[in-house]
2 protein chains.
Amino acid sequence: MINKSGIFSKSCSHALKAATFVGKKGLENKAVKLKEIAEEINSPLAFTAKILQKLVKANIIESNRGAKGGFFITKVNLKKVVLKDIVFAIDGEGSYSGCALGFEKCSASKPCALHFQILPIREKLKETLVSTTLKDLARAVDENNTFLKE
Amino acid sequence: MINKSGIFSKSCSHALKAATFVGKKGLENKAVKLKEIAEEINSPLAFTAKILQKLVKANIIESNRGAKGGFFITKVNLKKVVLKDIVFAIDGEGSYSGCALGFEKCSASKPCALHFQILPIREKLKETLVSTTLKDLARAVDENNTFLKE
DNA sequence: TTTAAATCGGACATTCTTATCTTAATTGAT
DNA sequence: ATCAATTAAGATAAGAATGTCCGATTTAAA
């Protein structure tokens with residue numbers, strides 16, 4: 001629920017922004033420090049740290065501790081990771097494919113009251129989350145066509 | 001989060017179900033009592049009461065107190081109320097039209113990193129919420145084509 | 001080997017959403 | 001008038017999401 005303002009939770013929005021920024025730096029094989037990420041996406045430092053850890057555990061990005069450490073993403077992952085992976089890692093399956101009225105079992109054969117209205121939207125969303133790679137987002141941001149901050 | 005499992009908050013899901021059930025009864029000009037609504041949509045009584053009150057204040061449904069009281073909807077409103085009205089009343093504008101990354105100002109001229117991916121989905125969702133009436137939902141439920149309970 | 005720079009991990013705090021409880025107000029019927 | 005049924009409204013509680021703090025761990029470099 002999605003949270004009060006949109007499709008993803010706030011955590012997930014932060015995650016998408018953070019991953020995109022790490023991805024942008026990954027385009028030139030650079031690692032970035034937590035502090036820089038938090039500043040760049042305008043998200044609280046400690047909270048950003050938690051989210052980044054989840055992304056690391058989900059094998060979306062990687063990290064190095066200690067001096068000269070930081071977060072980074074390999075070229076391979078940059079191409080391979082799609083938005084769905086991030087949404088799953090943070091918000092879980094529900095927000096990716098859940099029923100609009102919250103039913104566990106909702107299908108064409110036992111459809112909730114909103115099923116047929118929401119179906120095409122859900123399908124389109126899924127398709128987008130599966131087909132958009134982190135690299136797509138990173139490139140657009142790198143080329144200044146889109147933004148991670150207001 | 002929209003809440004963790006979907007497009008609408010849990011409150012909003014309850015609201016949509018409750019309104020649909022009141023609408024179903026409205027098809028035959030009947031009022032329904034809180035208790036019956038809560039049972040029918042499988043939602044906690046007191047919480048359902050709160051949500052119904054919001055719908056009353058938003059002029060979506062009406063209520064009568066005292067013996068023989070209950071909640072009801074007029075034929076006029078049944079036809080006129082669209083899903084957007086309910087979503088607005090409960091979750092506010094954000095979940096209807098908010099930016100996927102939570103930015104206040106996100107537009108084609110200053111697009112967030114997800115703007116162009118999410119745009120068609122948002123538009124489709126808006127279109128659906130504006131074009132689907134409560135009567136549409138109520139009728140489908142009344143004809144046993146869709147459900148309000150698992 | 002010490003030190004400084006980082007991430008990691010767990011405990012804690014805060015805020016928002018969801019849910020309950022209790023009392024008041026209203027209404028119809030006796 | 002009184003009583004029972006019912007919604008209205010406010011206070012409070014429980015839970016989940018969001019956010020903070022601090023100490024532990026790892027690493028590179030001096």
Side-chain angles (χ1 to χ4, degrees), chain A residues 1-6 8-18 22 25 30-39 41-58 60-73 87 89-92 94-95 101-102, chain B residues 1-6 8-18 22 30-39 41-73 87 89-92 94-95 101-102:
Chain A
M1 134 199 16
I2 283 189
N3 104 64
K4 209 108 194 174
S5 71
F8 311 115
S9 72
K10 219 166 173 178
S11 295
C12 191
S13 294
H14 286 321
L16 288 162
K17 287 186 256 186
V22 173
K25 292 298 184 174
K30 281 186 187 161
V32 254
K33 278 171 271 185
L34 168 61
K35 196 176 170 217
E36 191 184 350
I37 298 172
E39 274 167 10
I41 69 174
N42 209 35
S43 162
L45 191 83
F47 193 49
T48 307
K50 293 288 171 195
I51 292 166
L52 286 166
Q53 281 168 35
K54 282 190 190 172
L55 295 179
V56 169
K57 282 195 182 141
I60 290 167
I61 61 175
E62 294 174 57
S63 67
N64 279 328
R65 301 218 268 196
K68 302 270 170 180
F71 296 89
F72 64 97
I73 185 166
V87 173
I90 308 296
D91 280 353
S95 84
L101 295 186
Chain B
M1 189 165 39
I2 304 142
N3 99 71
K4 207 106 191 175
S5 70
F8 311 115
S9 71
K10 217 166 176 180
S11 296
C12 192
S13 295
H14 286 321
L16 288 163
K17 287 186 257 186
V22 172
K30 282 185 186 160
V32 255
K33 278 171 272 187
L34 167 61
K35 196 177 170 215
E36 192 184 349
I37 298 173
E39 273 164 12
I41 69 173
N42 208 36
S43 162
L45 191 82
F47 192 49
T48 307
K50 292 291 169 192
I51 292 165
L52 287 166
Q53 281 167 35
K54 281 190 191 172
L55 294 179
V56 169
K57 283 197 181 141
N59 298 307
I60 290 167
I61 61 176
E62 294 174 57
S63 68
N64 279 328
R65 301 218 266 196
K68 303 269 172 175
F71 296 89
F72 64 97
I73 184 167
V87 173
I90 308 295
D91 280 352
S95 83
L101 295 186

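Remember, predicted model here, so these are calculated numbers, not experimental data. Values reported hereafter were calculated over all heavy atoms of this structure, with side chains retained and with hydrogens, waters and symmetry mates removed. Each chain gets a letter, A, B and so on, in the order its sequence line appears, and its residues count up from 1.
Distances from the side chain of A/P44 to the nucleotides C/dG28, C/dT18, D/dT20 place D/dT20 closest. Taking only side-chain atoms of B/Q53, from C-beta outward, the nucleotide of D/dT20, C/dC8, D/dA8 with the closest atom is D/dA8. Among D/dT20, C/dT7, C/dT27, the nucleotide with an atom closest to any side-chain atom of A/F47 is D/dT20. Among the nucleotides C/dG28, D/dA29, C/dC8, the one closest to any side-chain atom of B/K68 is C/dG28. When the nucleotides C/dT20, D/dT20, D/dT27 are ranked by their closest atom to the side chain of A/A46, D/dT20 comes out on top.
A distance-only check finds no donor-acceptor pair linking the side chain of A/D91 to the backbone of A/F8 [under 3.5 Å]. Checked by atom type and distance alone, the side chain of A/S13 pairs as donor or acceptor with a backbone atom of A/S9 at under 3.5 Å.
Checking the phosphate oxygens (OP1, OP2) of D/dA8, a side-chain nitrogen or oxygen of B/S63 falls inside 4.0 Å. Residue A/H14 places none of its side-chain N or O atoms closer than 4.0 Å to OP1 or OP2 of D/dT18. For D/dA5, the OP1/OP2 oxygens have no side-chain nitrogen or oxygen of B/K35 closer than 4.0 Å. Neither OP1 nor OP2 of C/dT17 sits under 4.0 Å from any side-chain N or O of B/S11.
The separation between B/I90 atom CD1 and C/dA19 atom P is 13 Å, rounded to whole Å. Regarding B/L52, its CG atom lies at a distance of 13 Å from the C1' atom of D/dT6, rounded to whole Å. The separation between A/N64 atom CG and C/dC8 atom C1' is 13 Å, rounded to whole Å.
Residues B/L101 and A/K17 come closest through the heavy atom pair O-NZ, 3.5 Å. In plain terms, the two heavy atoms of B/F72 and B/K30 that are nearest each other are CB-O, 4.1 Å.
Both B/K33 and A/R65 sit near DNA chain D, but only B/K33 has its closest nucleotide nearer the 5' end.
If you check distances only, the side chain of B/K50 does reach the base of D/dG10 with a donor-acceptor pair under 3.5 Å.
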